[in-house]
2 protein chains.
Amino acid sequence: MDTTAARERALDAAERLFYGRGVQAVGMDDVRAASGVSLKRLYQLFPAKERLVEAYLERRDIRWRGRLAAYVAERGDPEERLLAVFDWLEEWFGEDGFRGCAWINAHGELGASSARVTAQARAHQRAFRAYLAGLVADAGRPAALAGALFLLAEGAIVAAGTAGSTEPAREARETARLLLGAAGAG
Amino acid sequence: MDTTAARERALDAAERLFYGRGVQAVGMDDVRAASGVSLKRLYQLFPAKERLVEAYLERRDIRWRGRLAAYVAERGDPEERLLAVFDWLEEWFGEDGFRGCAWINAHGELGASSARVTAQARAHQRAFRAYLAGLVADAGRPAALAGALFLLAEGAIVAAGTAGSTEPAREARETARLLLGAAGAG
DNA sequence: TTGACTGGAGAACGACCGTTCTCTAGATTA
DNA sequence: TAATCTAGAGAACGGTCGTTCTCCAGTCAA
């Protein structure tokens, strides 16, 4: 197993465990057992647990936004693409093991003591918001709409995460539709 | 110090520490040191840390909604009361030590292993939503508007929590105003 | 004064956790 | 083959945590 493969396996296990149970509830030895990557190698790849958490959040951000963008890009109409964001959220909420927003959860747990975790959470929110801003611009809508959609999406994610329901996605979508219908919308 | 006073002091310290640093980052001995309530007494009042966390979330829910309702009740117009929710959020976000939603944070940290924490998080969201539904009904607006305002508020809370800014409150307020302006709004 | 009870301070206990170290087996190179 | 390097398994280390226990000072009843 070369370095790249070990790193990927470690991050696969870290993501599954950290997201599913919370970061502090998972020990480095749990990551070792789940990944098959020895402790020695884990610490060569990530010199401290905090670095593994950081790398987990960073990779998840890229993948998460990639999945969302791929789903949305399939819609032809720019306005439909805006609403497709919430369709994708609904699919995501229905997946096994969905437990809300990984960055908010990690920030709530470690943000007070880890600048790296805080930075990852902020970067994720900024990137998601920027992505929405792009969709809004493509649809020729006022820039302020992006903030509204961002808040609706984040609200839906946390509401679904604690309630264990996909319904918030539909509520958010319906609200977004209403905002698009409102004259000018912004 | 009688039982009631010891309980209040313990909960005061628990709330400050758990909310400020995260639950797992705070030991029972930290609560003892911050409250002046001995470990023996802490365990008489709360037979396990999980019960202290539960009581902290429960009391905070009552106080949080009480503060919100008191602020909102000062506005005469039912429609103004709806928007006042977001004014209060903005004040809250600006307070020292604001760190997002206590229930989402606790749920992200412990929800996977503690049914009591999950129950508290769900109860809080249900109660907040029901409160908003009451305001919406008082304003003679369609019930579906409550869901939209709830998502906007939750989104603003988590966005402000990670970004460390009060701006999301204004964004959410402006979006709410737009929704109120939209014909029928629901 | 004696005895019984209460509560606090803090030690103790067992478990775990992040991190490092030891030991060994296998691969690689000369 | 001999020497060197790598990596894994898992023990070890120092620290912390939730929880319980010990010991003692103070209080109150008789």
Side-chain angles (χ1 to χ4, degrees), chain A residues 1-57 105-106 108-117 120, chain B residues 1-57 105-106 108-117 120:
Chain A
M1 184 163 35
D2 68 358
T3 299
T4 308
R7 192 184 154 87
E8 287 304 295
R9 284 207 203 181
L11 287 172
D12 288 345
E15 176 160 8
R16 185 155 28 90
L17 295 172
F18 287 159
Y19 180 69
R21 300 191 207 158
V23 174
Q24 311 238 54
V26 173
M28 291 297 279
D29 199 61
D30 295 325
V31 177
R32 177 202 58 78
S35 66
V37 177
S38 71
L39 278 178
K40 188 183 237 175
R41 209 136 187 232
L42 274 179
Y43 276 92
Q44 280 169 359
L45 294 164
F46 310 97
K49 187 184 184 185
E50 188 188 16
R51 299 302 191 97
L52 176 59
V53 176
E54 181 185 27
Y56 139 62
L57 292 174
N105 291 350
E109 207 174 339
L110 304 167
S113 63
S114 168
R116 291 176 190 276
V117 167
Q120 284 299 318
Chain B
M1 184 164 32
D2 68 359
T3 300
T4 307
R7 191 184 156 87
E8 288 304 296
R9 284 207 202 180
L11 287 173
D12 288 346
E15 176 160 8
R16 184 156 27 91
L17 294 172
F18 288 158
Y19 180 69
R21 300 190 208 159
V23 175
Q24 310 238 54
V26 174
M28 292 295 279
D29 199 60
D30 295 325
V31 176
R32 177 202 58 77
S35 67
V37 177
S38 71
L39 277 178
K40 189 184 236 176
R41 209 136 185 230
L42 274 179
Y43 277 93
Q44 280 169 1
L45 294 163
F46 310 97
K49 188 185 184 185
E50 187 188 18
R51 299 303 191 97
L52 177 58
V53 176
E54 181 185 26
Y56 139 62
L57 292 174
N105 290 351
E109 207 173 339
L110 303 167
S113 62
S114 168
R116 290 177 190 276
V117 168
Q120 285 300 318

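Keep in mind the model is a prediction, meaning the values are calculated, not measured. Protein chains get the first letters and strands the later ones, always in sequence-line order, with residue 1 at the start of each.
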Q: Looking only at the side chain of A/A48 (C-beta and beyond, no hydrogens), which of the listed nucleotides C/dT19, C/dG7, D/dG8 gets closest?
A: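 So the nucleotide nearest the side chain must be C/dT19.
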
Q: If you check every side-chain atom of A/Q44, which of D/dA11, D/dA7, D/dT19 has the closest atom?
A: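 Between D/dA11, D/dA7, D/dT19, the one nearest the side chain of A/Q44 would be D/dA7.
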
Q: Rounded to the nearest Å, what distance is computed from the CZ atom of residue B/R32 to the C1' atom of nucleotide D/dT20?
A: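 For the pair B/R32 CZ and D/dT20 C1', the rounded distance is 15 Å.
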
Q: Can you identify which nucleotide, out of D/dA7, C/dG18, C/dG7, has its nearest atom closest to the A/K49 side chain?
A: C/dG18

Q: Checking side chain to side chain contact (heavy atoms under 4.5 Å, CB included) between B/L17 and each of B/D12, B/V26, B/V23, which is the one that passes?
A: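 In the set B/D12, B/V26, B/V23, the residue that makes a side chain to side chain contact (heavy atoms under 4.5 Å, CB included) with B/L17 is B/V26.
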
Q: CD of A/E50 versus C1' of C/dT19: gap in Å, rounded?
A: 15 Å

Q: Name the closest nucleotide to the A/Y43 side chain, picking from C/dA9, D/dT19, C/dT19.
A: C/dT19

Q: I'd like to know if the side chain of A/Q24 and the backbone of B/E109 have a donor-acceptor N/O pair within less than 3.5 Å.
A: no

Q: Rounding to a whole Å, what distance do you find between B/F46:CZ and D/dT19:P?
A: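 Taking atom P of D/dT19 as the reference, CZ of B/F46 is at 13 Å.
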
Q: Looking across every strand, which nucleic acid part, if any, lies under 4.0 Å from B/V26 by heavy atom: base, sugar-phosphate, or nothing?
A: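 Here B/V26 touches the backbone only, sparing every base.
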
Q: Nearest heavy atom decides the nucleotide; on that basis, is A/T3 or B/A25 closer to the 5' end of DNA chain D?
A: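 Looking at the nearest nucleotide for each, A/T3 comes out on the 5' side.
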
Q: Sequence neighbours excluded, which residues qualify as side chain to side chain contact (heavy atoms under 4.5 Å, CB included) partners of A/E54?
A: A/R51, A/R116, A/Q120

Q: Please give, in whole Å, the distance from C/dG18 P to A/R41 CZ?
A: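 The answer, rounded to whole Å, is 21 Å.
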
Q: To the nearest angstrom, how far is A/L39 atom CG from D/dA12 atom C1'?
A: 13 Å

Q: What's the closest nucleotide to the A/D30 side chain, out of C/dA9, D/dA7, C/dC17?
A: C/dC17

Q: For residues B/A5 and B/D2, report the shortest heavy-atom separation together with the two atoms involved.
A: N-OD1, 2.9 Å

Q: Of all the nucleotides listed (C/dT19, C/dA9, D/dT19), which has the minimum atom distance to the side chain of A/M28?
A: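 That would be C/dT19.
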
Q: Please state how far atom CG in B/D2 lies from atom P in C/dG7, giving the value in whole angstrom units.
A: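 Distance check: B/D2 CG to C/dG7 P gives 11 Å.
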
Q: In whole Å, what is the span from the CG atom of A/L42 to the P atom of C/dT20?
A: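 The answer, rounded to whole Å, is 13 Å.
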
Q: Looking at D/dG8, I'd like to know if its phosphate oxygens (OP1 or OP2) sit under 4.0 Å from a side-chain N or O belonging to A/K40.
A: no

Q: Would you mind reading off the distance between B/Q24 atom CD and C/dC17 atom C1', rounded to a whole angstrom?
A: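 Interatomic distance, CD of B/Q24 to C1' of C/dC17: 12 Å.
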
Q: If I take atom CG from residue A/L42 and atom CZ from residue A/R32, how far apart are they, to the nearest 0.5 angstrom?
A: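 Spacing of CG (A/L42) from CZ (A/R32) equals 9.0 Å.
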
